[in-house]
Structures are given as C-alpha cells and as structure tokens.
Amino acid sequence: MWVRRMRYSVEEKGTKVIVRGIADFNLKETFESGQCFRWNEEDDGSYTGVAYDRVVNVKLEGDTLIIDNTNLTDFYDIWFDYFDLGRDYGQIKESLSKDPVLKEAIKFGQGIRILRQDTWETLVSFIVSQNNRIPQIKKVIENLATSFGNPIEYKGKIYYTFPKPEELVMYDVETIAKTRCGFRAKYIFDAASKVFSGEINLLKLHEYSTSEIRDILMTINGVGPKVADCVILYSIGRYDTFPTDVWIKRIVEHLYLKREGTPVEIQLFAIDKFGDLSGFAQQYLFYYGREMGKKIFGERKK
DNA sequence: CGCCAGGGCTAGC
DNA sequence: GCTAGCCATGGC
C-alpha cells in the first residue's frame, strides 16, 4: 500500500540516465545513515559508489536525479529498485509523523531512503560492522573489494566489485584477515562457505517468512539478531523489521521508554508501535540520534 | 595508557 | 534462559 506509481520522466543521454520528478531524496542523508558503506562524496556534492558489479556516479539537482555511467536497461533492472524509486516516502513520513517524536526525527533526515542492496554484500558488510566503527567498516570493505573483487574502470580510476562467495572460499581465514577485519575473518569465511555450498541460498530467502529468514541467517557463525535484521531490512526489504543496536537502543530508551530496556524489549516495543513502517522509523531515528550526537547519548552505558 | 566501537560467541550459572 | 568476558583493530 506504500508503493504508489510515481511520476517520473526518464531519459538516457550519453552515459547518463536523467530522472525528473524525484521527491523525498537526499543523497547525503541516504548514504550516510549507516545502511551502506561504498558510496563516497565527490567535490561537487555528487556520490560515486559500487553496487551490483557496477560503478556509478549520482547527482541530485533539485528534483532531477542524474546517474552517470549507466543506461536505461540498468536503470530499470537495478537502480530503480536500489534507490527505492517506486515508493512514496511522502506518505510514509506523513503516517510516521503522527508520532511526535518521529515527526521531530524526520525533520533531520527528510530525504532518507532505504536502499535495496545486494544480499551477499549486505550480509558481509554487517558481519564486519559488529563491534566496529563506520570508518573502519568502510576500510575493511574496500580492502575486501581490492583484494578479492574484480577491477572496473570509471573516469580513469579503478574501482573493485564486491567479492562473491566463490571468490572468497578459495582463500583461507588468514588471508581474509589481511583486510584488517580482525576476528571477523572466520565469520566472513563461514558465510562464504555456507552460501557457496548452497547450504544457504540467498536468492530464495524472500520466499520465507521474516522469522524463518532470521533463523537461516543466524546459522552462520558470527551472524546474530542485529546482523540478520540488517540483511532482512536493507536487502530483502521487510520493513516490519527494527534492527536494534546500541545506538537505536539508547535513542528509544531516551525518547520513548524513559528508562533502560533489553534489546529484545526495545525491538518489540518499536515493531508494536511502528508496524509495517518499523524499518523506516528505525532509519529516521538512527540518523536523528547520530545527528543529535554524543552530547545527549554519549555518556550513557550500553 | 585505557576505553570503546551499528555484536556475537562461549563459558559458567 | 541469562550474562560477563572476550574478541582484532584502530582512533581518541
């Protein structure tokens, strides 16, 4: 019900696809809301990133989205869904704004969208994220790509695709650890092994219920509730999911509960409150909490 | 130096 | 079922 036919005009021009009629989209808010790790800002405010074995540059000028180094086929096959362009975020924000806290949070990230990312890359990225900081997560993911991915050129620079399971299982844990991923190397290897062997079929996850997907992902060593929920939200697109990390826990405790709670309690509270829009609410609250900074939450214990 | 990071595993109750 | 201690690495 939250997917409405959006009215865009789409035009291919040289190496670019130009989309007019874009609303509720801000590149910085979307790329820096902690859901993805391979987009980097250029001097002109555009972002260059690698996803689905492609490197593109995206720029927003008013209501016009310009995607460079692509074509119409890729736009409809990949980028339309990747940027969630079929969804009316205006309606989502309107509905969530009935909650006064969310109404305030949304002001800080009016242009946040939830990207539809590749499941394998999302899985590994959030394995890397555990007990780690975002700049370090980005470095490790780049190391994985340059070490084990394939080179692709764009504007005279070499970028690297994210390595597939079959490109990782041929190495051992010690080699994977050279990417500075630390103790997570064995987790990455186990994920690659289970996907490569077919024990876990990422392409069929969407056929299962959310809790079944959770159970399947958590059979991987190093994948717990938080990592599984991030995969479910950011790549499967189940929006009744509320990934609960230390930050969102502090934020919910501070803004709603007015007391401390367990992660499970926080999650159940949020999903009960936000329902099918929980994932969006989480993203707005997370960005809001991070923008408000450690001044408010920093001194609290986890 | 110690502390902690978008967690999860393990051992010990 | 619950939790404290641990985990690699790096920034402060």
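These numbers were taken from a predicted model, which means no experiment stands behind them. Values below: every heavy atom of this structure, side chains too, minus hydrogens, waters and symmetry copies.
For the pair A/Thr64 and A/Tyr8, the minimum side-chain heavy-atom distance is 4.5 Å or more. A/Leu205 places a side-chain heavy atom less than 4.5 Å from the side chain of A/Ile216.
At the phosphate of C/dG10, neither OP1 nor OP2 sits under 4.0 Å from any side-chain N or O atom of A/Arg133. An OP1 or OP2 oxygen of B/dA5 is reached within less than 4.0 angstrom by a side-chain nitrogen or oxygen of A/Arg250. Taking only side-chain nitrogens and oxygens, A/Lys139 comes nearer than 4.0 Å to OP1 or OP2 of C/dG11.
The residue A/Val227 sits close only to the backbone: its heavy atoms come under 4.0 Å of sugar-phosphate atoms, none of a base. Among the atoms of the strands shown, none is found under 4.0 Å from any heavy atom of A/Tyr287.
Ranking C/dG10, B/dG8, C/dC7 by closeness to the A/Phe183 side chain, first place goes to C/dC7. Comparing C/dC7, B/dC4, B/dG8 by their nearest atom to the side chain of A/Gln130 picks out B/dG8.
Base pairing of B/dC13: its partner is C/dG1, meeting the Watson-Crick or G-U wobble criterion (both donor-acceptor distances under 3.5 Å). Nucleotide C/dG11: paired with B/dC3 (Watson-Crick or G-U wobble, both distances less than 3.5 Å).
For the residue pair A/Arg87/A/Tyr239, the side-chain donor-acceptor check at 3.5 Å is satisfied.
The ring pair (Phe, Tyr, Trp, His ring centres under 6.0 Å) check on A/Tyr159 picks up nothing, with sequence neighbours excluded.
Summary of the strand contacts: A/Lys186 and A/Thr262 both lie near DNA chain C, and taking for each the nucleotide with the nearest heavy atom, the more 5' one is attributed to A/Thr262.
Separating the P atom of B/dT10 from that of C/dA8 is a span of 12 Å, rounded to the nearest Å.
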